[in-house]
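Positions are given from 1, in the same order as the sequence printed here.
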Amino acid sequence: MIGEVLIGATVWMCGIFGFIGRNARVPADVLERATRSLAHRGPDDSGTVILHDSASEPVEIGLGNRRLAILDLSPHGHQPMNDPASGNWIVYNGEVYNFREVRVKLEQAGLYFRSNSDTEVILKAYAHWGENCLREFRGMFAFAIWDAQRHRLFVARDPMGIKPLYFYQSDRYFMFSSEVRTLLGTGLVPRVIDGAGLVNYLTFGSLYDSNTLVEGVKALESACYLTWEQGQVKQERYWDLAGTNLNESCDQACANPENRSELETRIAEMLDESVRMQLVSDVPVGVFLSGGIDSSSLVGILSQNGVRPSTFSIVFSEADYSEAEYSRAVAQHFHTDHHEITVAQSDFFAAIDPALHAMDLPTMDGINTYFVSERTRAAGVKVVLSGLGGDEVFAGYSSFRTVPRMERFARAWHHMPGAVRNPLANIVAALAPSSDRNRKLTALGRDGGVIVHPYFLSRMLFTPEQQSELLPEIKTNSPAFLRAEKPLTESLSRAQSLDPVNRVSYLEARCYMLNTLLRDSDFMSMAHGLEVRVPLIDHRLAQRVLALPGSWKLNSGTPKPLLVKALCGQLPDQIVHRRKRGFTLPFEHWLRDALRPVVEESFRKIGQGVLGNLLSERVTRAVWQDFLEGRTSWSRPWSLYVLQSWCQQHLSN
């Protein structure tokens with residue numbers, strides 16, 4: 001067991017819900033029902049409040065919270081929380097790890113505190129600094145404050161987008177929640193598929209903020225805050241990973257080779273600080289240990305600080321899928337309190353159905369996170385550290401080498417006259433064997449501006465041509481398609497000034513990590529009341545690493561050299577130089593065997609469900625046949641099955 005006891009402090013991990021009615025009452029049953037629907041996120045405590053405001057028109061505000069207690073079970077941190085000095089109220093999901101330092105600043109400014117909770121620190125910080133309070137916080141959070149003096153709602157989300165927040169607005173109501181399903185459960189949100197979200201999902205197997213799969217329901221973007229005032233909603237960005245001032249200062253420092261060692265030392269110090277900062281807990285804190293560089297680095301940093309962590313590894317009974325030798329090597333090297341959770345493939349298979357039910361939004365990934373979270377929570381652990389984000393920040397994917405090459409190819413290819421380029425692309429398409437890789441290469445060759453950047457092609461599930469066939473009613477120049485493209489173009493615009501390697505890092509962090517890994521990790525772990533902390537993507541650390549030259553992250557015989565060097569040679573060579581392997585499940589086999597009847601039955605019913613007017617039955621069956629005949633990977637039909645299952649469960653009347 002590891003952890004630091006902080007007497008009297010309260011740290012929250014939970015679910016929140018809020019409701020504003022203009023000239024309308026907040027239905028008490030809706031507030032209570034919505035709050036109860038988040039019980040899995042916060043099984044330890046619950047609270048609701050209804051407020052009245054009539055500055056310019058009668059307004060009723062309902063706030064609800066469910067709590068997972070990590071520090072201090074006392075009532076001092078009960079939510080919703082009121083600040084008597086300002087009259088403000090807050091509901092809050094997450095943790096501000098540096099709240100003690102922020103509190104000291106506020107006390108020096110003359111503010112008085114009634115409790116030791118970070119919730120009250122956020123309330124006081126907002127009252128003192130307004131929206132600038134967000135510059136002070138380090139952590140993962142989504143919170144909403146009813147500003148009694150300005151008669152407005154202030155809603156904010158953490159810089160890296162670790163904690164989710166969704167909202168919906170109609171003429172009379174504004175609602176927000178930690179989960180889309182809670183908004184749907186109010187009965188006040190029409191169960192209509194959003195075309196832009198559908199395009200996003202078919203493109204990447206996940207939804208891209210701010211789009212969701214429900215028309216009218218939006219995700220508050222990471223590093224943004226939202227205000228609701230007299231029915232008007234405004235959203236502002238308060239931070240960006242590619243901060244220009246930091247990049248400029250680091251560019252100057254990096255120009256002097258003698259400064260490299262100093263800058264690398266600073267990264268090591270920030271890594272150490274981030275891990276130590278996220279240890280605070282009154283309950284056991286574990287580490288997800290796969291035996292890869294990222295999770296092993298967390299164990300190494302804890303060991304450097306004299307902490308003997310509890311580590312948890314999933315071990316397959318089937319040797320083909322097991323990574324036990326690597327996790328055991330790390331556990332033995334650092335003398336951890338190691339726990340192996342041995343499972344058979346049949347155990348994972350049995351978890352598929354409940355995992356599908358736990359999805360707040362459809363995703364082609366996440367089943368493994370659901371299962372690992374379930375087993376870890378069953379072992380008595382409420383909090384774990386995860387190495388999530390290490391590949392995105394420290395350049396661990398193959399995309400860091402392939403995408404820059406694709407960029408160069410795309411530039412050269414598109415300098416060719418269209419009269420030459422398009423016929424060549426058609427010839428390649430006609431002669432190349434049918435495969436996912438060749439379809440992507442053909443899409444890159446034929447691209448007439450449809451593919452925003454080669455990076456998105458590297459993460460693409462269905463190509464634009466395949467999407468047009470799957471969604472015959474949604475054209476590439478339609479409003480839905482343009483809204484689906486907006487998150488991509490905005491991310492690319494902010495990344496354009498970076499070097500090729502750092503551009504990939506930015507896009508991986510703001511696209512794949514944000515919209516797939518972090519979202520999946522949140523709702524799959526919170527389905528079991530388990531909190532997952534991600535020290536490798538502390539926003540100040542991530543921004544500092546992004547500001548260093550991309551060449552420092554690749555030009556070495558060592559994978560992720562900045563991260564490995566920060567450990568000062570502590571990681572065993574067996575771990576550093578092991579062949580990279582993701583945590584994969586045998587879906588290829590399952591879909592051809594035990595899952596086959598289920599998937600085929602689902603595809604036969606597509607025309608009868610909510611997707612019937614959007615998704616082509618003929619093309620869906622063709623995707624399935626392509627998989628059976630080896631022309632496409634399992635991820636394509638599986639993504640369509642998940643989509644159909646989610647829509648049937650949440651959007652069917």
**Q** Roughly how far apart are Y166 OH and M175 CE, rounded to 0.5 Å?
**A** 15.0 Å
**Q** Using a 6.0 Å cut-off, check whether atom CD of Q649 has over 12 heavy atoms from anything other than its own residue.
**A** yes
**Q** Check whether any side-chain N or O of E95 sits under 3.5 Å from a backbone N or O of M140 as a donor-acceptor pair, and report yes or no.
**A** no
**Q** In terms of relative ring orientation, are H650 and W646 parallel, tilted or perpendicular, with 30° and 60° separating the classes?
**A** tilted
**Q** Would E531 and R533 pass as an ion pair if we require N to O under 4.0 Å?
**A** yes
**Q** Look at the aromatic rings of Y92 and F143 and report parallel, tilted or perpendicular, splitting at 30° and 60°.
**A** perpendicular
**Q** Keeping the roles fixed (side chain from H528, backbone from L530), state whether a donor-acceptor pair exists under 3.5 Å.
**A** no
**Q** Roughly how far apart are L595 CG and E600 CD, rounded to 0.5 Å?
**A** 11.0 Å
**Q** Show your reasoning for whether salt bridge (charged side-chain N to carboxylate O under 4.0 Å, His left out) applies to E221 and R157.
**A** CA-CA 7 Å; E221 295 180 36; R157 190 176 175 201; over 6 Å; no
**Q** Does the side-chain contact (heavy atoms from CB on, under 4.5 Å) test come out yes or no for N200 and Y208, once each step is laid out?
**A** CA-CA 6 Å; N200 275 161; Y208 271 37; 3.5 Å; yes
**Q** With E60, which residues qualify under side chain to side chain donor-acceptor pair (under 3.5 Å), at least two apart?
**A** R25, H52
**Q** What heavy-atom pair brings L63 and G18 nearest, and what distance separates the two atoms?
**A** CD2-CA, 4.3 Å
**Q** Would you please say whether a donor-acceptor pair under 3.5 Å links the side chains of S37 and T182?
**A** yes
**Q** Which salt bridge (charged side-chain N to carboxylate O under 4.0 Å, His left out) pairs, counting each pair once, include a residue from residues 511-520, with sequence neighbours left out?
**A** D209-R519
**Q** Given 3.5 Å as the limit, does a donor-acceptor pair link the side chain of D360 with the main chain of V180, or not?
**A** yes
**Q** Would you check if the distance from the ring center of F349 to the ring center of W590 is below 6.0 Å?
**A** yes
**Q** Do the non-hydrogen side-chain atoms of F19 and L188 ever get within less than 4.5 Å of each other?
**A** yes
**Q** Give the minimum heavy-atom separation between T376 and V372, together with the two atoms involved.
**A** OG1-O, 2.8 Å
**Q** Please state whether the rings of Y238 and Y225 are parallel, tilted or perpendicular, taking 30° and 60° as the class boundaries.
**A** parallel
**Q** Does the side chain of P354 come within less than 4.5 Å of Y370's, by heavy atoms?
**A** yes
**Q** Return the minimal non-hydrogen interatomic distance between H453 and L507, and the atom names on each side.
**A** ND1-CD1, 4.2 Å
**Q** To the nearest 0.5 angstrom, please state how far the OG atom of S206 sits from the CG atom of L361.
**A** 9.5 Å
**Q** In the structure I gave you, are the side-chain heavy atoms of V189 and V214 within less than 4.5 Å of one another anywhere?
**A** yes
**Q** Is a side-chain N or O of D158 found less than 3.5 angstrom from the main chain of I162, in a donor-acceptor match?
**A** yes
**Q** Do you know which two heavy atoms are closest between P597 and A594, and how far apart they sit?
**A** CD-O, 3.5 Å
**Q** Taking everything shown except D29 itself, do over 12 heavy atoms lie less than 6.0 Å from its CG?
**A** yes
**Q** So, taking the atom named OG in S458 and the one named CD in E508, what distance separates them when rounded to the nearest 0.5 Å?
**A** 6.0 Å
**Q** Are the side chains of Y201 and S639 in touch, meaning some heavy atoms are under 4.5 Å apart?
**A** yes
**Q** Report yes or no: is the cationic atom of R459 (NZ for Lys, CZ for Arg) under 6.0 Å from the centre of the six-membered ring of Y512, at an angle within 45° of the ring normal?
**A** yes
**Q** Checking the side chain of N515 only, and the main-chain atoms of C511 only, is there a donor and an acceptor separated by less than 3.5 Å?
**A** yes
**Q** Does S493 reach the main-chain N or O of T489 with its side chain, forming a donor-acceptor pair under 3.5 Å?
**A** no
**Q** Would you say the side chains of R377 and S525 form a donor-acceptor pair under 3.5 Å?
**A** no
**Q** Could you check S616 against R621 for side chain to side chain donor-acceptor pair (under 3.5 Å), going step by step and ending with a plain yes or no?
**A** CA-CA 9 Å; S616 167; R621 289 194 297 269; over 6 Å; no
**Q** Measuring from L611:CG to L651:CG, what's the distance to the nearest 0.5 Å?
**A** 8.0 Å
**Q** Would a distance-only check, ignoring hydrogens and angles, find a side-chain to backbone donor-acceptor pair under 3.5 Å from D194 to G197?
**A** yes
**Q** Any donor and acceptor pair, going by atom type alone, linking the side chain of D147 with main-chain N or O of R152 inside 3.5 Å?
**A** no
**Q** Working to the nearest 0.5 Å, report the span between CE of M364 and CG of L640.
**A** 10.5 Å
**Q** Side-chain contact, heavy-atom cut-off 4.5 Å: C14 with R41?
**A** no
**Q** Does E601, at its CD atom, have more than 12 non-hydrogen atoms belonging to other residues, nucleotides or ligands within less than 6.0 Å?
**A** yes
**Q** Salt bridge check: are E57 and R22 linked by an N-O gap of less than 4.0 Å?
**A** yes
**Q** Looking just at side-chain N and O atoms, do H151 and E229 make a donor-acceptor pair shorter than 3.5 Å?
**A** no
**Q** With the side chain counted from C-beta on, respond yes when T227 and V233 share a heavy-atom pair under 4.5 Å apart, and no when they do not.
**A** no
**Q** Testing the 3.5 Å rule here: is there a donor-acceptor pair between the side chains of Y126 and E131?
**A** no
**Q** What closest approach, in Å, do W146 and L51 show between heavy atoms, and which atom pair accounts for it?
**A** CD1-CD1, 4.1 Å
**Q** Please answer whether the main-chain N or O of L184 pairs with a side-chain N or O of R191 as donor and acceptor at a distance below 3.5 Å.
**A** yes
**Q** How are the rings of W638 and F587 set relative to one another: parallel (under 30°), tilted (30 to 60°) or perpendicular (over 60°)?
**A** tilted
**Q** Quick check on N613: does its CG atom have over 12 non-hydrogen neighbours (other residues, nucleotides or ligands) under 6.0 Å away?
**A** no
**Q** Should D626 and R636 count as an ion pair when the cut-off is N to O under 4.0 Å?
**A** no
**Q** Assess the residue pair Y168 and F174 against the criterion (side-chain contact (heavy atoms from CB on, under 4.5 Å)); give the C-alpha distance rounded to whole Å, side-chain angles, the decisive distance to 0.1 Å, and a yes or no.
**A** CA-CA 6 Å; Y168 172 81; F174 176 86; over 6 Å; no
**Q** List the steps, then state whether side-chain contact (heavy atoms from CB on, under 4.5 Å) holds for K486 with L482.
**A** CA-CA 6 Å; K486 186 179 178 183; L482 295 176; over 6 Å; no
**Q** Do L356 and Y641 have side chains that approach each other closer than 4.5 Å (heavy atoms only, starting at C-beta)?
**A** yes
**Q** Looking only at the side chains, is there a donor atom on one of D83 and N88 sitting less than 3.5 Å from an acceptor on the other?
**A** no
**Q** Do L165 and I16 come within less than 4.5 Å of each other through their side chains, counting heavy atoms only?
**A** yes
**Q** Taking all non-hydrogen atoms of both residues into account, name the closest pair between G286 and F312 and its distance.
**A** CA-CE1, 4.0 Å
**Q** Could you check whether any side-chain N or O of S468 sits under 3.5 Å from a backbone N or O of P464, counting only pairs where one atom can act as donor and the other as acceptor?
**A** yes
**Q** Apply side chain to side chain donor-acceptor pair (under 3.5 Å) to residues T35 and T48 and explain how you reach the verdict.
**A** CA-CA 8 Å; T35 303; T48 59; 5.9 Å; no
